[in-house]
Asks: 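Below is the structure I would like to discuss, written out as structure tokens.
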Amino acid sequence: MTPKVQRAAPPFVQIADHFRAKIKDGELPQETKLPSIADIARGWGVATATAAKAIKQLQDEGYVRSSSQGTFVDLGRKLTSGPDRLQMLRATGSGFRDGETVDILSAELIPAPAHVAEGLKINEGDEVVERRRVYRDDDGVVAVSTSYLTGDLAEAAPELLEVGPLPKMTFGLIEERTGRRAVRRRDVVALAPVPGDIAEVLGAEVGTPALTLTNQYTDQHGEPTEYAQDFLGAGRELSAEYNLN
């Protein structure tokens, strides 16, 4: 049953929030057709202009596309940061955009550096899985991404130590094998000098400032599941839109 409009937020915001949540949770997978604007207006008890504004909001955020055939879930325009890949995985079964490729550069157990230990809430030097990959599209390198997971997860999912694509990406594999579902993330955007082991892949000089996105993922029990850092390729950007109404 479609929920009725509450007055805590403008009706179009509530409608957009409703469909956005279902898309993020995978209840409305890629290419699912949304109800028509007339049906949304009727179900929510609002004007068609309000329903249309909600759909426009979802379009602007990159969750749907509209055509003469209707409005369809489409995450193909979403940014390919870690959080976006998680949303795409749950909604489409794949964490990659059309035309995008990934190469796994390394997968091994290493002693946790200080920043990784802090992000995973473990002791510095504890064993962690380090997986490094490079994402590319038609314009070149999207990002060099390095993920860290506690070493015990390699026992549940030995594929984490294989230099190759995972059957369900890191998020899906951990959830399938352990039941730990990523439910919260913390993002930090910063400029950081490109380290030597990433510079060549990124096509940048060592020490050159680059845009980075660091993510900490937490499961339903409040425990970190993954700590990751992306170094973005030249000319890439991070953006977000927020409705302030």
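Being a predicted model, the structure only gives us computed values, none of them experimental.
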Asks: If you define the side chain from C-beta out and look only at heavy atoms, does anything of D197 sit under 4.5 Å from R132?
Replies: yes
Asks: Consider only side-chain heavy atoms of I, L, V, M, F, W and Y, link residues closer than 4.5 Å, and tell whether Y135 and L166 are in one cluster.
Replies: no
Asks: Tell me every residue that passes salt bridge (charged side-chain N to carboxylate O under 4.0 Å, His left out) with E176, counting only those two or more places apart in sequence or in another chain.
Replies: K168
Asks: Do S147 and T170 get their side chains close enough for a donor-acceptor pair, meaning under 3.5 Å?
Replies: no
Asks: R131: what forms a salt bridge (charged side-chain N to carboxylate O under 4.0 Å, His left out) with it, not counting sequence neighbours?
Replies: none
Asks: Give me each pair satisfying ring pair (Phe, Tyr, Trp, His ring centres under 6.0 Å) with a member in residues 111-132, each pair once, sequence neighbours excluded.
Replies: H115-Y227
Asks: So, do L34 and F19 sit near enough that their side-chain heavy atoms are less than 4.5 Å apart?
Replies: yes
Asks: Nearest 0.5 Å please: distance from the CG atom of L191 over to the OG1 atom of T208.
Replies: 11.5 Å
Asks: From the options K22, K33, R20, select the one residue that forms a side chain to side chain contact (heavy atoms under 4.5 Å, CB included) with L28.
Replies: K22
Asks: side-chain hydrogen bond (donor to acceptor under 3.5 Å, both in side chains) with E223: which residues, sequence neighbours excluded?
Replies: none
Asks: Using 0.5 Å steps for rounding, measure from the OG1 atom of T178 to the CD atom of E155.
Replies: 12.5 Å
Asks: What closest approach, in Å, do A41 and A51 show between heavy atoms, and which atom pair accounts for it?
Replies: N-CB, 3.9 Å
Asks: Could you work out, with side chain to side chain contact (heavy atoms under 4.5 Å, CB included) as the rule, every residue matching Q69, not counting sequence neighbours?
Replies: S67, F72
Asks: Who passes side chain to side chain contact (heavy atoms under 4.5 Å, CB included) against T150, sequence neighbours left out?
Replies: L120, I122, D152, L153
Asks: T50: what forms a side-chain hydrogen bond (donor to acceptor under 3.5 Å, both in side chains) with it, not counting sequence neighbours?
Replies: none
Asks: Can you tell me how far apart CG (L58) and NE2 (H18) are? Round to the nearest 0.5 Å.
Replies: 10.5 Å
Asks: Looking only at heavy atoms, which two atoms of V46 and P11 are closest? And how far apart?
Replies: CG1-CB, 4.0 Å
Asks: Can you check whether Q57 reaches F12 side chain to side chain, under 4.5 Å on heavy atoms?
Replies: yes
Asks: Report the residues that fulfil salt bridge (charged side-chain N to carboxylate O under 4.0 Å, His left out) with R177, sequence neighbours left out, ordered by chain and then residue number.
Replies: E159
Asks: Please report the closest heavy-atom contact between I37 and T48, naming both atoms and the distance.
Replies: CG2-O, 3.5 Å
Asks: Which pair of non-hydrogen atoms, one from A154 and one from L161, has the smallest distance, and what is that distance?
Replies: CB-CD1, 4.0 Å
Asks: Test question: given the 4.5 Å side-chain rule for I, L, V, M, F, W and Y, name all other residues clustered with V134, or answer none.
Replies: L105, V141, V144, V194, I198, V201, L202, F231
Asks: Within a strict 4.5 Å, meaning less than it, do heavy atoms of the T71 and V64 side chains meet?
Replies: yes
Asks: With no hydrogens and no angle check, do the side chains of R136 and T101 hold a donor and an acceptor under 3.5 Å apart?
Replies: no
Asks: Does the side chain of I55 come within less than 4.5 Å of I15's, by heavy atoms?
Replies: no
Asks: Quick one: closest heavy-atom pair of Q216 and G119, and the distance?
Replies: NE2-O, 2.6 Å
Asks: Does N215 reach the side chain of Y217, with side-chain heavy atoms less than 4.5 Å apart?
Replies: yes
Asks: Under the side chain to side chain contact (heavy atoms under 4.5 Å, CB included) test, which residues partner I110, sequence neighbours left out?
Replies: E108, P113, V128, E130, Y148
Asks: Do we see a donor-acceptor contact under 3.5 Å between the side chains of D219 and T225?
Replies: no
Asks: Measuring from atom CZ of R180 to atom CD1 of I174, what distance do you get when rounded to the nearest 0.5 angstrom?
Replies: 7.0 Å
Asks: Which heavy atom in E175 sits nearest to a heavy atom in R181, and how many Å separate them?
Replies: OE2-NH1, 3.0 Å
Asks: Does a sphere of radius 6.0 Å around CD in Q220 hold more than 12 heavy atoms from other residues, nucleotides or ligands, not counting ones at 6.0 Å or beyond?
Replies: yes
Asks: Going from CG on D74 to CZ on R65, what distance comes out if it is rounded to the nearest 0.5 angstrom?
Replies: 5.0 Å
Asks: Could you tell me which residues satisfy side chain to side chain contact (heavy atoms under 4.5 Å, CB included) with K56, sequence neighbours excluded, listed by chain and number?
Replies: Q59, D60
Asks: Just jot down the salt bridge (charged side-chain N to carboxylate O under 4.0 Å, His left out) partners of E200, sequence neighbours excluded, or say none.
Replies: none
Asks: Any side-chain to backbone donor/acceptor pair from Q229 onto T214? Under 3.5 Å, distance only.
Replies: no
Asks: Are T212 and V189 side-chain neighbours, meaning at least one heavy-atom pair lies under 4.5 Å?
Replies: no
Asks: Checking T32 side chain against P29 main chain: does a donor-acceptor pair fall under 3.5 Å?
Replies: yes
Asks: With the 4.5 Å side-chain cut-off for hydrophobic clustering, are L109 and L173 part of the same group?
Replies: yes
